[in-house]
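Down below is the structure, laid out as structure tokens.
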Amino acid sequence: MTPEAHKHLSSRDPVMQLLIREHGVCELVPESRRSPFQSLVQAVAHQQLNGTAANTILSRFTKLFPGRKFPRPEDLAGVTDQQIRACGFSFAKIKAIRDIAEKTLSGVIPTSREIVKLSDDEIITRLTQVRGVGQWTVEMLLIFQLGRLDVLPVHDFGVRTGFKHAYKKRDLPAPKALLAHGEIWRPHRTTAAWFLWRAADAMKKKK
């Protein structure tokens, strides 16, 4: 993220200015070497689990494919659902992973080279066709893999919690209200989201 983002947010929103002073420079660095296939499988693994549990499951999963840091979509044909289940995935997540592999091979999910040429909306439209992949999952890919600058995940609990505390609201903001407020952050809503995550983390530490 850029100094321009900090300058823009500070000039448009006094609360953002305070968050930037408190938390310093945005340290978000996208992991661009992941393929969309890998990002989506990892995102599915993390759904409804804490990070430690999800990473343990993913570690077991990758061990099903010796010699690879992460399997390719075609590699999944060589393992059974029972083997994947033994890693800790639910049957619903197994179906999602199979669908991710199938739609990668059929071209619905773009390659790493193709995806960078698509707009955020095009990527959301393509990837939400996949079983178990909703808009939030795609927004995480846009932020943490592709490094898109203007993504505001309004359904994210951490973002909403950070907004509630930073803006001294009694309740969590409705996604529609958060989206409306976020208009003043354009075109740097990703950086704004990062600072709202930091605000949420800071509140956890105070408890």
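Taking all atoms of both residues into account, the shortest heavy-atom contact from C87 to L64 is SG-CD1, 3.7 Å. Scanning both residues, V151 and D120, for their nearest heavy atoms gives CG2-OD2, 3.8 Å. Across all their heavy atoms, G24 and H6 have their closest contact at O-NE2, 4.4 Å. Closest heavy-atom contact between K164 and D171: CG-O, 3.7 Å. When every heavy atom of C26 is checked against every heavy atom of T191, the shortest pair comes out as CB-CG2, 4.0 Å. When every heavy atom of P36 is checked against every heavy atom of I109, the shortest pair comes out as CB-CG2, 3.9 Å.
In terms of hydrophobic clustering, with Ile, Leu, Val, Met, Phe, Trp and Tyr side chains grouped at heavy-atom distances under 4.5 Å, V116 and L127 are assigned to a common cluster. A single hydrophobic cluster is not seen to contain both L105 and I97; linkage of ILVMFWY side chains at heavy-atom distances under 4.5 Å, directly or through other members, places them apart. Tracing side-chain contacts under 4.5 Å through hydrophobic residues (I, L, V, M, F, W, Y), one never reaches L146 starting from V108; they form parts of separate clusters.
Put simply, the side chain of R160 gets close to the backbone of P173: a donor and an acceptor are under 3.5 Å apart. Put simply, the side chain of E183 never gets that close to the backbone of A180: no donor and acceptor are under 3.5 Å apart. For S10 (side chain) and Q17 (main-chain N/O), no donor-acceptor pair under 3.5 Å exists by modelled atom type. For R126 (side chain) and G107 (main-chain N/O), a donor-acceptor pair under 3.5 Å exists by modelled atom type.
Using a 4.0 Å cut-off between charged side-chain N and carboxylate O, D99 and K103 make a salt bridge. Salt-bridge formation is detected for the pair D150/R186: a Lys NZ or Arg NE/NH1/NH2 atom is positioned less than 4.0 Å from an Asp or Glu carboxylate oxygen. Salt bridge absent: D81 and K95 never bring a charged side-chain N and a carboxylate O closer than 4.0 Å.
For T62, the side-chain contact (heavy atoms from CB on, under 4.5 Å) partners two or more places apart in sequence, or in a different chain, are F70, P71. The salt bridge (charged side-chain N to carboxylate O under 4.0 Å, His left out) search around R72 returns E74, D75, not counting sequence neighbours. Under the side-chain contact (heavy atoms from CB on, under 4.5 Å) criterion, H8 pairs with R12, P187, H188, not counting sequence neighbours.
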Could you go through E31 and F144, starting from their C-alpha distance and side-chain angles, then the distance that decides it, and tell me whether this counts as side-chain contact (heavy atoms from CB on, under 4.5 Å)? CA-CA 6 Å; E31 296 185 35; F144 294 106; over 6 Å; no
Evaluation steps, side-chain contact (heavy atoms from CB on, under 4.5 Å), between L49 and K93: CA-CA 12 Å; L49 291 176; K93 288 188 177 183; 3.8 Å; yes
Show your reasoning for whether side-chain contact (heavy atoms from CB on, under 4.5 Å) applies to D13 and Y167. CA-CA 11 Å; D13 188 334; Y167 291 81; 2.6 Å; yes
Pairs under 3.5 angstrom only: tabulate donor-acceptor contacts from the side chains of residues 37-46 to other protein residues two or more places apart or in another chain.
| from | atom 1 | to | atom 2 | distance (Å) |
| --- | --- | --- | --- | --- |
| S39 | OG | S35 | O | 3.3 |
| S39 | OG | Q145 | OE1 | 2.7 |
| Q42 | OE1 | R34 | NE | 3.1 |
| Q42 | OE1 | R34 | NH1 | 3.4 |
| H46 | ND1 | Q42 | O | 2.9 |
| H46 | NE2 | N55 | OD1 | 3.4 |

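Taking 4.5 Å as the limit, every side-chain heavy atom of L19 sits out of range of all side-chain heavy atoms of R198.
For the ring-ring contact (aromatic ring centres under 6.0 Å, His included) condition, the pairs that include at least one residue of residues 83-114, sequence neighbours left out, are F61-F89. Within the structure, side-chain hydrogen bond (donor to acceptor under 3.5 Å, both in side chains) pairs that include any residue of residues 134-143 comprise Q47-T137, Q135-E139, W136-D156 (at least two apart or interchain).
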